[in-house]
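Quick caveat, the model's predicted, so the values are computed rather than measured. Every chain is numbered from 1, with letters handed out A, B, ... down the list of sequences.
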There are 2 protein chains.
Amino acid sequence: MARVRHDRLDCSPGCAVEATLQFIDGKWKGVILYHLLSSTLRFNEIRRRLPSVTPRMLTTQLRELESDGFVARKVFPEVPPKVEYSLTERGRSLEPVVMALKAWGDAHAGVAAKAA
Amino acid sequence: MARVRHDRLDCSPGCAVEATLQFIDGKWKGVILYHLLSSTLRFNEIRRRLPSVTPRMLTTQLRELESDGFVARKVFPEVPPKVEYSLTERGRSLEPVVMALKAWGDAHAGVAAKAA
DNA sequence: GCCTATAGTGTCGAAAAGGATACCGTGATG
DNA sequence: CATCACGGTATCCTTTTCGACACTATAGGC
């Protein structure tokens, strides 16, 4: 599972913010969720969208997303192995969050532009 | 500055998501931003809201938020030192993001409840 | 017989993030 | 004179995270 940001809930109301962050933290989770919002993808399809992620990292991130209940992993017992990753209901519930992140990034970070 | 999540922008459109995450990542930044959305706060006022953060961490997080242009630090040359932290325009622009995070946390994580 | 693709796993090590603890100067207060 | 509050620093150490790289099984194609 991802880093546990706080065990103590001593951040009062703002804690919910961190609680959410806890789940989408992880170097690639944001992008993975984003891509899965558009469609179900296979392992290597995700890799192709994220060229610099190593298989090990991708596995880790997907497994965490799975155990957090955001992603469903469906294995097809075929011979070139086939595994599909899709969002669960819970995963889709993150859509507003992911979209807010993307909107801000597009508007303020310019995707590549450094902070003003 | 916070961890650099990616230098390569090879995550295509989803990259904006990570770009944003990059800024609010950092164990306490989310909550700090959240609290500053309500009011300007002094160093120790923030500490009191986040009892388990050490002064060192708080300084680090605030300095990063400052250098990312989200927070303004105003020093009053008084004698019990007085320093006020407030959000900049850029900081306020994160409001929808922070609120989306909080909304999801309230709705799905129950602030304390573990994943369903 | 060798290469390809798929979906991973294993091991190792470096680097970054975070935590604990102690300490600083100043001026007012007791 | 000693203590307190303020806003931090400095130092050290542990934990977590990430990346490189090699390696696996299976079936089909050439």
Participant: Could you check whether any side-chain heavy atom of B:Leu101 comes within less than 4.5 Å of a side-chain heavy atom of B:Ile24, counting everything from C-beta outward?
Facilitator: yes
Participant: Between the two ends of the helix from C:dG1-D:dC30 to C:dG30-D:dC1, what is the bend in degrees, rounded to 10 degrees, where each end axis spans five pairs?
Facilitator: 20°
Participant: What is the distance from CE of B:Met57 to P of C:dA16, rounded to the nearest Å?
Facilitator: 15 Å
Participant: Could you state the atom-to-atom distance from CD of A:Glu64 to C1' of D:dC18 in whole Å?
Facilitator: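 Result: 12 Å.
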Participant: Is A:Ile32 close to A:Val53 at the side-chain level, that is, under 4.5 Å between some pair of heavy atoms?
Facilitator: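 No, their side chains stay 4.5 Å or more apart.
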Participant: Set out, line by line, the N/O atom pairs under 3.5 Å between protein and nucleotides 24-30 of chain C.
Facilitator:
none

Participant: Return the nearest nucleotide to the side chain of A:Arg73; candidates are C:dG8, D:dG19, C:dT6.
Facilitator: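 So the nucleotide nearest the side chain must be C:dG8.
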Participant: Is the phosphate of D:dG8, meaning OP1 or OP2, less than 4.0 Å from a side-chain N or O of B:Arg63?
Facilitator: yes
Participant: Nearest-nucleotide wise, let me know which of A:Arg47 and B:Pro55 is further upstream toward the 5' end of DNA chain C.
Facilitator: A:Arg47
Participant: Output the rounded distance in Å from CG (B:Leu21) to P (D:dC18).
Facilitator: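 Result: 11 Å.
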Participant: Is B:Gln61 close enough to C:dG18 that one of its side-chain N or O atoms is under 4.0 Å from OP1 or OP2 there?
Facilitator: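 Yes, such a contact exists.
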Participant: Determine whether B:Arg92 and B:Leu37 satisfy the following criterion, side-chain contact (heavy atoms from CB on, under 4.5 Å), listing intermediate values before the conclusion.
Facilitator: CA-CA 7 Å; B:Arg92 295 218 165 267; B:Leu37 273 173; 3.9 Å; yes
Participant: Round to the nearest Å and state the distance from A:Lys27 atom NZ to D:dT17 atom C1'.
Facilitator: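 Going from NZ in A:Lys27 over to C1' in D:dT17 covers 9 Å.
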Participant: Give the nucleotide from the list C:dA20, D:dG8, D:dA20 with an atom nearest to the side chain of B:Thr59.
Facilitator: D:dG8
Participant: Quick one: side chain to side chain donor-acceptor pair (under 3.5 Å) partners of A:Thr40, sequence neighbours excluded?
Facilitator: none
Participant: Starting at atom CD of B:Glu78, determine the distance to atom P of D:dC6, rounded to an integer number of angstrom.
Facilitator: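 Between P of D:dC6 and CD of B:Glu78: 12 Å.
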Participant: Return the set of residues passing side chain to side chain donor-acceptor pair (under 3.5 Å) with A:Ser93 (not counting sequence neighbours), or none when no residue passes.
Facilitator: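 For A:Ser93 the side chain to side chain donor-acceptor pair (under 3.5 Å) partners, ignoring immediate neighbours, are B:Trp104.
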Participant: With the 4.5 Å side-chain cut-off for hydrophobic clustering, are B:Val79 and B:Phe43 part of the same group?
Facilitator: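 In one cluster: no.
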Participant: Restricting to side chain to side chain contact (heavy atoms under 4.5 Å, CB included), what partner residues turn up for B:Glu66, sequence neighbours left out?
Facilitator: B:Arg63, B:Arg73
Participant: Flag the pair A:Asp25 and A:Lys29 as a salt bridge only when some basic side-chain nitrogen lies within less than 4.0 angstrom of an acidic carboxylate oxygen.
Facilitator: no
Participant: Counting just side-chain N and O atoms, does B:Arg42 come under 4.0 Å of either OP1 or OP2 of D:dG8?
Facilitator: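 So the side chain of B:Arg42 is outside the cut-off, no N or O lying under 4.0 Å from OP1 or OP2 of D:dG8.
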Participant: So, taking the atom named CD in B:Glu84 and the one named CD in B:Glu45, what distance separates them when rounded to the nearest 0.5 Å?
Facilitator: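 It comes to 8.0 Å.
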Participant: Considering just the side-chain nitrogens and oxygens of B:Trp28, establish if one lies under 4.0 Å of OP1 or OP2 belonging to C:dA17.
Facilitator: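 For C:dA17, neither OP1 nor OP2 has a side-chain N or O of B:Trp28 closer than 4.0 Å.
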Participant: CG of B:Asp25 versus P of D:dT16: gap in Å, rounded?
Facilitator: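 Distance, rounded to whole Å: 16 Å.
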Participant: What's the closest nucleotide to the side chain of B:Tyr85 if the choices are D:dC6, D:dG8, C:dA7?
Facilitator: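 Nearest to the side chain of B:Tyr85 among the choices is D:dG8.
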Participant: In whole angstrom, what separates B:Leu50's CG from C:dG18's P?
Facilitator: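 So the CG-P distance, B:Leu50 to C:dG18, works out to 13 Å.
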Participant: Take atom CG of A:Asn44 and atom P of C:dA7, then tell me their distance rounded to the nearest Å.
Facilitator: 5 Å
Participant: Return the 5'-most residue of the pair A:Arg56, A:Val83 with respect to DNA chain C, ranking by each residue's nearest nucleotide.
Facilitator: A:Val83
Participant: Which residues satisfy the side chain to side chain contact (heavy atoms under 4.5 Å, CB included) test with B:Glu78, sequence neighbours excluded?
Facilitator: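 Counting only residues at least two positions away or on another chain, B:Glu78 forms a side chain to side chain contact (heavy atoms under 4.5 Å, CB included) with B:Phe76, B:Lys82.
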Participant: Between C:dT21, D:dC18, C:dG8, which nucleotide has the shortest distance from any of its atoms to the side chain of A:Phe43?
Facilitator: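 Closest of the options to the side chain of A:Phe43: C:dG8.
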